[in-house]
Amino acid sequence: MKNVKSLLSVAVCVLVFATSCINEVTPDTLSGTYQGTMDVEINLPAFPTDDWKLPNYQATVVKVDASHVDVIIDLNLSKYIDAALIGQDLDYGTITARCLVASVEAGEAVLSGSAQVAGQSVPVYGEYDDRVLDVSIALGLLSVEF
């Protein structure tokens with residue numbers, strides 16, 4: 001009976017370990033193209049406007065190595081928002097953010113990194129949950145979320 005209990009204990013441990021590994025988020029898991037809406041917010045207290053919601057945006061995620069991805073997003077916001085509203089050029093071009101991927105629990109991960117935007121390094125943060133990617137970028141007077 002002891003042998004059966006021991007064997008059963010080992011089987012349960014192996015099963016728990018195997019299923020937890022299957023749901024781990026890795027750069028391979030994240031790689032792909034994501035469609036969504038870009039939310040743009042002006043960070044000026046006296047600016048009387050709602051956020052802009054730009055539909056049909058996409059982000060591409062490419063595996064770099066075992067723990068990093070590149071998140072690629074077109075940030076030419078001048079196609080949608082008049083630059084004169086905030087007094088700065090809104091064509092940031094296509095940016096590539098190198099991000100560290102940290103799996104937090106089954107099917108979920110956080111991303112953190114930076115990108116060169118208009119000659120400056122800006123922080124990029126993200127969350128991944130069940131094939132949904134959210135990315136936040138601070139661009140001086142603007143905040144962008146995909």
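Fair warning: this is a prediction, and the values are worked out from it, not measured in the lab.
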Residues that S78 engages under side chain to side chain donor-acceptor pair (under 3.5 Å), provided they are two or more places apart: N76
Interatomic distance, CH2@W52 vs CD@E41, rounded to 0.5 Å, equals 10.0 Å
Please give the remaining members of the hydrophobic cluster of V62, linking ILVMFWY side chains under 4.5 Å, ordered by chain and number. I72
V71 side chain near C99 side chain, heavy-atom distance below 4.5 Å: yes
CG/L90 to CG/L75 distance, rounded to the nearest 0.5 angstrom? 10.5 Å
side-chain contact (heavy atoms from CB on, under 4.5 Å) partners for T33, two or more places apart: Q35, Q58, T60
In Å and rounded to the nearest 0.5 Å, what is the NZ to CG distance from K53 to D39? 3.5 Å
Any side-chain heavy-atom pair of V69 and L111 under 4.5 Å: yes
Rounding to 0.5 Å, atoms OG (S121) and CD (Q116) come to a distance of 5.0 Å
Taking only residues two or more places apart in sequence, or in another chain, which ones meet S112 in a side-chain contact (heavy atoms from CB on, under 4.5 Å)? L100, Y125
Just grab all the salt bridge (Lys or Arg N to Asp or Glu O under 4.0 Å) pairs involving residues 111-128, residues at least two apart or on different chains. none
Answer yes if V64 and V61 sit in the same cluster of Ile, Leu, Val, Met, Phe, Trp and Tyr residues linked by side chain heavy atoms under 4.5 Å apart, and no otherwise. no
Could you grab the distance from atom CG of L133 to atom OH of Y128, nearest 0.5 Å is fine? 8.5 Å
Taking the side chain as C-beta and beyond, is there a heavy-atom pair between V101 and L30 under 4.5 Å? yes
Should side-chain heavy atoms under 4.5 Å link Ile, Leu, Val, Met, Phe, Trp and Tyr, which residues sit in the same cluster as V110? V104
Between atom CD1 of I95 and atom CD1 of I73, what is the distance when rounded to the nearest 0.5 Å? 5.5 Å
Set of residues satisfying side chain to side chain donor-acceptor pair (under 3.5 Å) with respect to D74, sequence neighbours excluded: K79
Salt bridge (Lys or Arg N to Asp or Glu O under 4.0 Å): pairs with one or both residues in residues 58-69, sequence neighbours excluded: D28-K63
Could you tell me which non-hydrogen atom of P27 sits nearest to which non-hydrogen atom of A66, and how far apart they are? CD-O, 3.3 Å
Residues forming a side-chain contact (heavy atoms from CB on, under 4.5 Å) with S136, sequence neighbours excluded: E145
Could you list the residues that satisfy side-chain contact (heavy atoms from CB on, under 4.5 Å) with D130, not counting sequence neighbours? none
Which pairs with one or both residues in residues 98-121 pass salt bridge (Lys or Arg N to Asp or Glu O under 4.0 Å), sequence neighbours excluded? D70-R98
Which class fits the ring pair Y80 and Y57: parallel under 30°, tilted 30 to 60°, perpendicular over 60°? tilted
Counterpart residues, side chain to side chain donor-acceptor pair (under 3.5 Å), relative to T26 (two or more places apart): T29
